[in-house]
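Below is one structure, written out as structure tokens; the observations come after it.
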Amino acid sequence: MADMDLQSKMPVFKGRLHDKRTATVIGRWLGAAVLVCFVTGVISHYVQHPGSLFADVLPSRPTWGYRLTQGLHVASGIAAIPLLFAKLWTVYPRLFDWPPLRGIRHGLERISVAVLVAAAVFQLLTGLLNTVQWYPWPFSFVPVHFAVAWLFVGALLVHIAVKLPAIRAHWRRRSEATLRIGDAADRRSFVLAVAAAAGAVTLTTVGQSLTPLRRFDLFAPRHPDHGPQGLPVNKTAASAGTDRIDGSTWHLDVTGPRPYTLTLDELRALPQHESELPIACVEGWSKTAHWRGVRIRDLLERAGAPASSRVRVTSAQTGGAYRVMEMGRRYAEDPLTLLALELNGEPLSPDHGFPARIIAPNRPGVWQTKWVTKVEAL
Ligand SMILES: Nc1nc2c(c(=O)[nH]1)N[C@H]1C(S)=C(S)[C@@H](COP(=O)(O)O)O[C@H]1N2
Ligand SMILES: [Mo]
């Protein structure tokens, strides 16, 4: 009796698009976006946490590899936001299914959907806020975003497995099940509108890393052209406490079998090399710049260390997660890896790491250490 009362209070959905074909069509796109996002995210995680296992195997080429994977990670995550809204709108009437529990199997399925939705919202929200470097939560972003990614993928696999019969039946426009549902014209408008929304958020943000499209970069937190010396800045010298480095007293320590120290003038007197390499920030912006400085492998050789040594680099910064960086031998021996003194034809500005910074191919921005004071062969 009470049951009947409650049921009669449930909303009735007259909209014709909350059906399985629509859920399948939107779900396919959302699935493709989150798959790209997940794979590129895992790559980014291991490139940022090389550890002992990957330290010496990570390749230094192609020079634009990390730029591509991280650009895709952030772009697919942003595109997934309107797709997730559309998908949730399509299926939300299921919240009012009656009876709410039809047994253990049904209960487990509903729990897995709850985990899936919570994890998806969490990932897209924290990822988006990370692109603007806003962390309004008490936990550390990277490990939690990484852990929840696995939770999300697990719940997604369960969801796909449970829904496989429905997905299969509604995969094709002309399948029997799809034709039985009908409403093709409405669905086409809806799907077109969702595609337009996903396309619009992509087009107005992707220019932050895909620089040929930077004219359309209206909403990304960084514009590739805005910043001193034509390059954006993530951590300013003022915020790192490195804005008062005096080039006449600064010196570089290089350790190895034959350790030595160089002043800035001595460093400038060594053979200088050039490279054209991007800063590919993990927060999603990328920009290629022209760098000039001393090859790391030349510095190592002079210290009596093999060009293929593992290297530890230390910054003048007194704190922060990126004060100390290590690079595997593939990066150290690459001729493009420099201790750069110049950016786009001028000495580095304080915000870009004056007087010396690391620039290496195919590495995330976080490891392009600025304000370097020490290079150690390990
Ligand atoms: N010492 C130090 N180096 C650092 C950082 C830092 O916080 N401290 N930030 C890194 C990050 S996150 C990026 S994206 C690049 C940005 O370099 P740019 O400011 O010259 O563009 O510098 C890297 N080098
Ligand atoms: Mo970064």
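The analysis underlying the following values was restricted to heavy atoms, covering all of them including side chains, and did not include hydrogens, waters or symmetry mates. Both counts, for ligands and for their atoms, begin at 1 and track the order of listing. Position 1 is the first residue of the sequence; numbering continues from there.
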Hey, can you tell me if [X] and [Y] have their rings parallel, tilted or perpendicular (30° and 60° cut-offs)?
X      : Y     : value
Phe146 : Tyr46 : perpendicular
Trp89  : His18 : tilted
Tyr92  : Phe96 : perpendicular

- Could you go step by step and tell me if Arg330 and Asp56 meet the salt bridge (Lys or Arg N to Asp or Glu O under 4.0 Å) rule? CA-CA 7 Å; Arg330 304 273 198 105; Asp56 293 321; over 6 Å; no
Distance to 0.1 Å, residue and atom name: give those for the protein heavy atom nearest to [atom].
atom                    : value
atom 1 (N) of ligand 1  : Gln317 OE1, 2.8 Å
atom 11 (C) of ligand 1 : Gly365 O, 3.5 Å
atom 21 (O) of ligand 1 : Pro232 O, 2.6 Å
atom 16 (C) of ligand 1 : Ile279 CG2, 3.9 Å
atom 24 (N) of ligand 1 : Gln368 O, 3.0 Å
atom 19 (O) of ligand 1 : Lys370 NZ, 2.5 Å

Ligand 1 atoms in contact with [X] (distance to a heavy atom under 4.0 Å):
X      : answer
Arg357 : 15 (C), 17 (O), 18 (P), 20 (O), 22 (O)
Ser315 : 1 (N)
His352 : 18 (P), 19 (O), 20 (O), 21 (O)
Cys281 : 14 (S)

- Query: With hydrophobic residues grouped by side-chain heavy-atom distances under 4.5 Å, do Leu339 and Tyr260 end up in a single group?
  - Reply: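 Yes; tracing contacts between hydrophobic side chains, which count when under 4.5 Å, links both residues.
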- Query: Can you hop from Val12 to Val91 via hydrophobic side chains spaced under 4.5 Å?
  - Reply: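 No, no single cluster joins them.
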Can an N or O of [X] be found at a distance shorter than 3.5 Å from an N or O of ligand 1?
X      : answer
Arg323 : no
Trp285 : no
Glu283 : no
Trp371 : no

- Is atom CZ of Phe122 surrounded by more than 12 heavy atoms (other residues, nucleotides or ligands) closer than 6.0 Å?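 More than 12 heavy atoms, drawn from other residues, nucleotides or ligands, come within 6.0 Å of this atom.
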- Message: Heavy atom to atom 12 (S) of ligand 1, shortest distance: which of Asn234, Asp351, Val313 holds it?
- Response: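 Nearest heavy atom to atom 12 (S) of ligand 1 lies in Asn234.
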- Measure centre to centre between the rings of Tyr322 and Trp367, then say whether the value is under 6.0 Å.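 Aromatic pair counts; centres sit under 6.0 Å.
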- Just do the salt bridge (Lys or Arg N to Asp or Glu O under 4.0 Å) check on Asp334 and Arg297 with the steps written out, would you? CA-CA 8 Å; Asp334 195 298; Arg297 66 182 201 190; over 6 Å; no
- Item | Glu333 side, atom CD; Met327 side, atom CE - distance, nearest 0.5 Å |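 Output value for this atom pair is 11.5 Å.
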- Query: Where does Val233 meet ligand 1, judged by heavy-atom distances below 4.0 Å: at the side chain, the backbone, both, or neither?
  - Reply: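 Both the backbone and the side chain of Val233 come within reach of ligand 1.
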